[in-house]
Each structure stands twice: as C-alpha cells, then as structure tokens.
2 protein chains.
Amino acid sequence: MGRPREFDIDDALDGALDLFWRKGYEGTSLSDLTQAMGITRPSLYATFGNKEELFRKALDRYDSTCMAFTREAMKQPTARAVVSHLLYGFADAQTDPVHPSGCMGMNGALACSEEAEPIKQELVGRRVAGEAVLGRRLEEARASGDLPADCDPAELARYVMTLAHGMAVQATSGAGREALYSIVAMTLRAWPSA
Amino acid sequence: MGRPREFDIDDALDGALDLFWRKGYEGTSLSDLTQAMGITRPSLYATFGNKEELFRKALDRYDSTCMAFTREAMKQPTARAVVSHLLYGFADAQTDPVHPSGCMGMNGALACSEEAEPIKQELVGRRVAGEAVLGRRLEEARASGDLPADCDPAELARYVMTLAHGMAVQATSGAGREALYSIVAMTLRAWPSA
DNA sequence: TCCGAATCGTACCGATCGGTACAGTACCGT
DNA sequence: ACGGTACTGTACCGATCGGTACGATTCGGA
C-alpha cells in the first residue's frame with residue numbers, strides 16, 4: 001500500500017551501474033547518480049539505502065547479467081572449452097558497445113581512499129572467489145584426465161585470471177575487440193593438452 | 001635569492017607518490033598530501049603548481065626510479081631476455097615491500113570522474129607508449145632472426161603488456177611475489193623460440 | 001644595514017561532497 | 001470518504017573538497 005514508486009528499480013540500477021562502471025565508485029557523485037537514474041536523492045536513499053549499498057546492488061546486477069557467461073563457461077566439457085568460453089566472454093563483455101569499456105570489477109575501485117576501502121575489498125574478494133571457482137573446475141579437469149597430471153590447476157587459474165584482468169585494463173585504455181581476441185587466441189595456442 | 005625552502009623536493013615528491021600509488025589520484029586529498037609530504041598547502045602550490053601537476057611530477061619520478069628497469073630490459077640481447085627482464089622486473093616492482101602494492105600507472109586512475117580525465121588519459125598514453133617501445137624492440141628481434149618470421153611483434157608486445165597489467169591487478173589484490181613469478185615462468189615457458 | 005625576493009604559516013574562499021528533515025502527494029484497505 | 005502508508009520534491013545539513021590572500025619570516029646582494 002501507499003504511493004507506488006514511479007520508476008523501475010532495475011532500470012535505475014542499470015543507470016547506476018553504467019556510471020559506476022565508467023567513473024568508478026569514488027568518481028561517481030550522488031548528483032551524477034540521481035541524474036542518470038532519473039530519481040531524486042531521497043528516493044535513492046529510501047530505495048537503495050546509501051551510496052555504498054547502491055554500489056553493491058549495482059554490482060550484483062552486473063554479476064547476474066554481464067557476467068552470466070562465466071557460470072556458463074564452467075559447464076563446458078573440457079578445460080580448454082572452459083577457458084576459451086571464459087576468455088572470449090570477457091573479451092566480449094569488456095568491449096560491448098552497449099556498456100562502458102573494461103570491467104566493472106576493476107573500474108569500480110582499484111585504488112581508493114580509506115572510506116571506500118570496504119568497496120575495494122568487496123571487489124578483491126569477488127576476484128579471488130572467481131579465480132577459486134576456475135581453479136576448482138580445472139582441478140576437476142585434471143582429475144578426469146583432461147589436463148596433464150603434472151600441471152597446477154591453481155596456477156593455471158591464476159594465469160587465466162591475470163590475463164582477463166590485463167585485458168580489462170587494455171579495454172579501458174581503448175583496445176578493441178579484435179585486439180583482445182588475438183590475445184585470447186595466443187593464450188589458447190599455448191594451452192596444455194592432455 | 002629569497003628565503004630558502006625548508007624541505008627537499010624529491011623527498012616531498014616521494015611522499016606524494018606513495019599516496020597517489022596507494023589511493024589513486026582522486027582518492028588522495030590535499031590534506032593527505034600536505035600531511036604526508038610534511039609541507040603546508042601554500043608551499044605545495046608554490047612548488048608544484050596544483051594537484052594535477054603534482055601528480056604528473058610524482059609520475060615522472062615513479063617512471064625514472066621504479067620503472068628504470070624497463071629501459072634496462074630493452075637493452076637485453078635476446079627477445080626472450082628482454083621479456084624475462086621486463087616481466088620479472090614488473091613482478092618485483094609491484095610487490096616491493098618498500099612501496100605500495102601494484103602499479104602506479106593503474107592505481108593512479110583506471111576509472112575516474114570527468115575532471116580527472118586528463119590524468120587518466122596521461123596514464124593511458126604512457127601504457128600505449130610502453131607497449132609501442134616493446135613492440136619495436138621485438139620487431140628488431142624478429143629482423144635479426146631472434147624471433148620466428150611468422151610471428152607478430154605488435155601482437156606479442158600487447159600480450160606481454162596485458163600480462164603485466166594483469167599482474168598489477170593481482171598485486172593490488174594482495175598476490176605475493178612468488179605468485180607473480182609463477183605466472184611469468186608460465187609465460188616464458190610458452191615463449192616462441194627462433 | 002637595509003631592500004628585494006622567495007618561502008612560511010594562518011586563516012579563509014566558494015563549490016561540492018554524502019546524507020536528511022519535512023511537507024506534499026498518490027495510492028490501498030476499510 | 002477517510003485514515004494509514006509509502007513515495008516525491010524542495011530545501012537544507014555539516015564536512016570536506018581543491019585552491020588562495022595575506023602578513024610574518026628568512027635569506028642574498030648592495
């Protein structure tokens with residue numbers, strides 16, 4: 001009951017996400033946000049809590065939409081297919097013309113002031129978690145004979161994620177999709193075969 | 001003539017560099033700076049111009065000290081030695097306990113508000129320039145038969161720099177020196193031989 | 001010794017930051 | 001129809017932002 005809200009929550013969240021993605025957590029002001037989201041300041045606070053909670057919700061939305069392909073990647077049958085799906089997926093997501101360049105997980109807050117430290121730690125945590133998921137998947141692949149027995153799945157996962165993070169920086173710096181593709185192709189050429 | 005300044009310019013610059021490196025351009029306030037540099041606000045402005053010029057001067061100092069090894073790397077005799085020197089150098093610089101983790105060129109400003117855009121562009125420009133220098137060095141290596149004739153030096157340079165940027169993100173996220181070393185080792189294992 | 005020049009510290013500027021008090025408004029259930 | 005409830009806009013809060021005016025201070029040169 002009560003007066004119904006006049007905006008769509010996910011639309012507003014998309015507006016916030018776009019801004020945080022392009023300008024980072026600290027580089028985005030509440031005035032930027034309210035303008036892009038098309039809502040007033042009190043509406044923002046009533047609906048999303050505060051700037052930090054808004055960022056976390058935008059990040060969740062980012063994860064469940066733009067990063068959905070990562071879950072798909074883990075289901076691929078071979079380690080090579082998993083990594084291929086993952087890296088080409090990152091290349092696409094980081095250079096999607098519909099969204100800002102690069103990766104929200106890095107642009108959001110790579111380095112920041114003390115008051116944004118919780119945000120930075122959240123992003124670090126998600127990166128670590130993502131790497132761990134890939135590591136477990138590669139472990140599984142090795143166990144099933146899909147990767148050489150003498151390789152280190154955790155090391156391979158770290159290598160792949162390092163590449164992905166580097167690609168995100170390249171994309172933020174203006175690298176195009178083809179440039180990222182060629183990097184992925186080089187990586188896959190050197191991928192260990194069973 | 002006039003009253004002599006009571007602080008050392010390079011010492012002050014080192015203080016500013018440390019802060020910009022850890023917290024980024026926008027995450028560092030003038031109050032942070034004056035405290036860390038041990039000078040007052042008007043002294044800062046009289047000596048370094050303004051916050052943006054101070055950042056550029058700190059960046060120059062970063063380049064001429066912490067990044068000196070990159071010039072050394074280009075002088076190595078083989079392409080493999082060049083890349084090895086470069087990547088291990090980055091790994092060391094990004095995890096040097098004397099300095100903040102990661103890379104000033106990324107932590108400084110990966111994503112930012114409009115008013116810091118010139119700073120971001122400066123960093124992008126330096127990354128592109130660095131990649132171009134490596135590309136020319138690898139071109140040279142290919143011409144002298146040190147790299148396979150069918151490889152693309154620009155592509156290889158982009159690959160190496162992508163890895164370096166990814167390592168910087170890993171270091172900022174808390175990765176240790178050994179973790180970065182193992183990534184470098186993996187890369188060199190796959191490096192094309194003449 | 002005294003003047004010009006340069007640096008120093010205090011105290012301040014307008015603008016913007018994230019966040020909120022409060023009254024008006026539009027809807028629901030009764 | 002009417003009260004309770006939730007959202008809306010205006011107008012504001014103290015704190016901090018980057019940047020500066022100004023007078024006191026300390027030096028070299030004449």
Side-chain angles (χ1 to χ4, degrees), chain A residues 1-13 15-17 19-20 22-59 108-109 111-120 122, chain B residues 1-13 15-20 22-59 108-109 111-122:
Chain A
M1 50 178 87
R3 180 174 178 174
R5 81 164 44 85
E6 297 175 1
F7 60 94
D8 181 79
I9 290 192
D10 280 342
D11 285 350
L13 225 36
L17 172 55
L19 235 47
F20 282 135
R22 280 191 295 114
K23 315 212 286 188
Y25 176 71
E26 291 196 304
T28 305
S29 72
L30 280 182
S31 299
D32 292 334
L33 287 166
T34 53
Q35 189 187 344
M37 299 165 81
I39 66 179
T40 64
R41 209 170 279 235
S43 292
L44 189 155
Y45 276 82
T47 308
F48 302 105
N50 59 17
K51 191 187 178 186
E52 182 170 336
E53 286 184 44
L54 172 60
F55 181 88
R56 294 190 136 92
K57 281 163 179 148
L59 185 59
C112 61
S113 67
E114 284 101 17
E115 69 230 32
E117 199 68 21
I119 293 291
K120 178 185 154 191
E122 167 85 38
Chain B
M1 51 177 86
R3 180 175 176 172
R5 84 166 40 87
E6 298 176 359
F7 61 94
D8 180 81
I9 290 192
D10 281 341
D11 284 350
L13 226 37
L17 172 56
D18 184 83
L19 235 47
F20 282 134
R22 279 193 294 118
K23 316 214 285 186
Y25 176 71
E26 292 196 303
T28 305
S29 72
L30 280 181
S31 299
D32 292 335
L33 287 167
T34 53
Q35 189 187 345
M37 300 166 81
I39 66 179
T40 65
R41 209 171 277 236
S43 292
L44 190 156
Y45 276 81
T47 309
F48 302 105
N50 59 17
K51 192 188 178 186
E52 182 170 335
E53 287 185 44
L54 172 60
F55 181 88
R56 294 192 136 93
K57 281 164 179 146
L59 185 58
C112 61
S113 67
E114 285 101 14
E115 67 232 33
E117 199 69 21
I119 292 293
K120 179 185 154 192
Q121 288 308 321
E122 166 87 37

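Order of the sequence lines sets the chain letters (A, B, ...), proteins ahead of strands, with each chain counted from 1. What you see is a predicted model; the values in this text were computed from it and never measured.
The distance from atom CD of A:E115 to atom P of D:dT16 is 9 Å, rounded to the nearest whole Å. In this structure, CZ of A:F48 is placed 18 Å from C1' of C:dT20, rounded to the nearest angstrom. In this entry the distance linking CD1 of B:I9 with P of C:dC8 reads 10 Å, nearest Å. Here the C1' atom of nucleotide D:dC7 and the CZ atom of A:F7 are 9 Å apart, to the nearest Å. Between A:L44 atom CG and D:dC7 atom C1' there is a gap of 14 Å when expressed in whole angstrom units.
Taking only side-chain nitrogens and oxygens, A:S43 comes nearer than 4.0 Å to OP1 or OP2 of D:dT8.
Here the rule is side chain to side chain donor-acceptor pair (under 3.5 Å) with B:K23, and of B:D32, B:D18, B:T28 only B:D32 fits it.
Under the 4.0 Å criterion applied to side-chain N and carboxylate O atoms, B:R3 and B:E6 are assigned as salt-bridge partners. Using a 4.0 Å cut-off between charged nitrogen and carboxylate oxygen, A:K120 and A:E117 count as a salt-bridge pair.
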Query raised in the report: What string of B, S and - do you get for nucleotides 17-27 of chain D 5' to 3' if you count protein non-hydrogen atoms under 4.0 Å?
Result: SBBBB---BBB
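Scanning all heavy atoms of the two residues, the minimum distance from A:A36 to A:G15 falls at CB-O, 4.4 Å.
Looking only at atom types and distance, the side chain of A:R41 has a donor-acceptor partner in the side chain of A:S31 under 3.5 Å away.
Below 30°, between 30° and 60°, or above 60°: for A:F7 and A:F48 the angle between ring planes is between 30° and 60°, a tilted geometry.
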